[in-house]
Peer 1: 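Below is one structure. I have some questions about it.
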Number of protein chains: 2
Amino acid sequence: MSTKKIETHRKILESAFRLLTERGYHGVGLEEVARDAGLSRQAVYLHFNSKADLLVATAQYLDSQVGTEEFLRPVFEAKDAVQAMDRAVEAYAAIEPLIYDAAIMIYAQRGFEPAAENAWQDRMEFRRQNVLRGITALEAEGMLAQGWNIEEASDFVWSLLSIHTYEYLVRERKWPIDRFIDRLRQVLHAAIVATPPKPAD
Amino acid sequence: MSTKKIETHRKILESAFRLLTERGYHGVGLEEVARDAGLSRQAVYLHFNSKADLLVATAQYLDSQVGTEEFLRPVFEAKDAVQAMDRAVEAYAAIEPLIYDAAIMIYAQRGFEPAAENAWQDRMEFRRQNVLRGITALEAEGMLAQGWNIEEASDFVWSLLSIHTYEYLVRERKWPIDRFIDRLRQVLHAAIVATPPKPAD
DNA sequence: TCCTCCACTTTACATAGTGTAAAGTGGAGT
DNA sequence: ACTCCACTTTACACTATGTAAAGTGGAGGA
């Protein structure tokens with residue numbers, strides 16, 4: 001692809017991102033996206049096969065802009081699995097607001113557009129693998145609470161750290177982000193971290 | 001409304017429910033819903049103002065069919081707040097599969113259709129009030145874990161008992177419903193139920 | 001029995017969006 | 001000067017929602 005085409009590609013994605021997140025998937029037509037990017041509607045079809053394709057590409061573009069790895073670095077550098085977990089909650093709370101609009105849009109379209117379903121599954125699987133690593137480490141350090149196994153604890157934590165928990169508590173219930181972080185940590189500690197052996201007396 | 005019209009109304013709702021849940025909101029047109037109900041497309045507009053209206057009416061119709069109160073009765077008849085909570089988890093796990101399709105459809109449309117947004121908020125508020133009552137009782141019995149207040153504990157439990165937790169764990173991760181119930185109870189006990197005072201020795 | 005009402009049909013139309021097709025344009029690179 | 005190609009322009013096919021209005025047929029009341 002020529003430099004020019006790549007540049008146009010990016011312009012479409014940025015117009016699409018802004019308009020789609022402002023007004024929702026059905027709230028904007030490709031006509032308007034194209035106009036916003038300074039192009040004809042047909043030009044958009046030279047870059048993306050369909051509106052659904054554009055949505056998915058937009059979400060992936062956003063992901064690349066957000067730089068998830070940066071946020072996750074402290075997690076991997078933690079001194080133990082419990083600290084990693086606490087840091088993961090913080091990272092999660094920092095990333096979620098940035099990707100919320102796009103993620104929810106993908107989620108809402110996943111029932112109708114196979115491309116959106118794939119994008120959603122990819123994202124979920126990525127997250128679940130990260131959680132699985134964390135829980136595996138927790139278990140290896142003997143800090144996974146009794147009564148849990150790695151698989152089920154991972155599933156549960158993955159579900160707890162989903163975009164919907166953020167939506168319910170922060171967006172709907174207006175929790176300040178610090179409360180959100182503290183409460184999630186509190187729950188995770190209580191529910192899946194082993195209580196420390198009695199201090200020797 | 002005449003008996004005949006009410007009957008037709010119901011027929012439309014049942015056709016709509018089946019087709020919409022089978023193929024999704026955008027997967028069926030009113031043409032097809034009407035045909036399925038043995039009517040012309042225009043007849044549907046004599047009963048519902050728009051497709052969005054029909055969706056909302058369908059979800060409400062389903063709610064009325066499900067009989068949520070029946071499921072919740074054991075919760076209100078529990079001997080204490082902790083037992084009520086355990087029973088609430090069971091009721092929740094019984095109701096969720098029945099309303100899942102319709103609820104998710106309403107959820108997915110809520111960004112586009114104010115009617116769907118209202119229906120969603122109503123449902124959420126109903127649930128949140130129920131949870132709030134439960135947590136208030138828990139606190140009154142001195143069984144709310146330290147570090148929680150009623151408001152925040154309610155928000156958290158409400159979010160944990162959302163349709164999305166069911167979606168993630170049962171639908172996506174294929175948890176058997178019993179495991180789902182057990183794990184949720186386990187988490188709730190660990191996270192928000194007070195540890196009993198040390199038995200006298 | 002006749003009349004009226006009304007739920008529903010039929011036909012038609014306006015509007016809006018997605019996606020396809022194909023000829024034309026203008027500028028950048030060789 | 002020639003070519004390529006990204007993009008424009010115009011046009012069309014298709015599908016859906018929603019509106020409008022005249023017509024039909026049967027049930028219920030006078």
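Throughout, protein chains are lettered first and strands after them, A, B, ... in sequence-line order, and every chain is numbered starting at 1. Here the structure is a predicted model, which means the values were calculated and not measured.
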Peer 1: Between P on C/dA16 and CD on A/E32, what's the gap in Å once rounded to a whole number?
Peer 2: 13 Å
Peer 1: Once you round it to whole Å, what is the distance between P of D/dG18 and CD of B/E31?
Peer 2: 14 Å
Peer 1: Determine whether any donor atom in the side chain of A/Q42 lies under 3.5 Å from an acceptor atom in the base of C/dT20, or the reverse, and answer yes or no.
Peer 2: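 Yes.
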Peer 1: Can you name the one residue among A/I95, A/L98, A/I99 that meets side chain to side chain contact (heavy atoms under 4.5 Å, CB included) with A/T68?
Peer 2: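 Exactly one pass, corresponding to A/I95.
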Peer 1: Starting at atom CD of A/E113, determine the distance to atom P of C/dG19, rounded to an integer number of angstrom.
Peer 2: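 Answer to the nearest Å: 8 Å.
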Peer 1: Just the rounded figure in Å: distance from P of D/dA27 to CD1 of B/I6.
Peer 2: 18 Å
Peer 1: I need the CG-P distance between A/L54 and C/dT18, as an integer number of Å.
Peer 2: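 Atom-to-atom, A/L54 to C/dT18, this comes out as 10 Å.
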Peer 1: Compare the minimum distances between each of D/dT8, D/dA6, C/dC8 and the side chain of A/K5, then state the nucleotide with the smallest one.
Peer 2: D/dA6
Peer 1: Side chain to side chain donor-acceptor pair (under 3.5 Å), that's the test. Do B/Q109 and B/E117 meet it? Break it down for me.
Peer 2: CA-CA 8 Å; B/Q109 288 305 310; B/E117 173 69 16; over 6 Å; no
Peer 1: Taking atom P of C/dT11 as reference, at what distance in whole Å does atom OH of B/Y45 sit?
Peer 2: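 That distance rounds to 19 Å.
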Peer 1: I'd like to know if A/R41 reaches the base of C/dG17 with its side chain such that a donor and an acceptor end up less than 3.5 angstrom apart.
Peer 2: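 When only heavy-atom distances are counted, A/R41 does not reach the base of C/dG17 through any donor-acceptor pair under 3.5 Å.
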Peer 1: Please report the distance, rounded to the nearest Å, between CD1 in A/I12 and P in D/dT8.
Peer 2: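 Taking CD1 of A/I12 and P of D/dT8, I get 9 Å after rounding.
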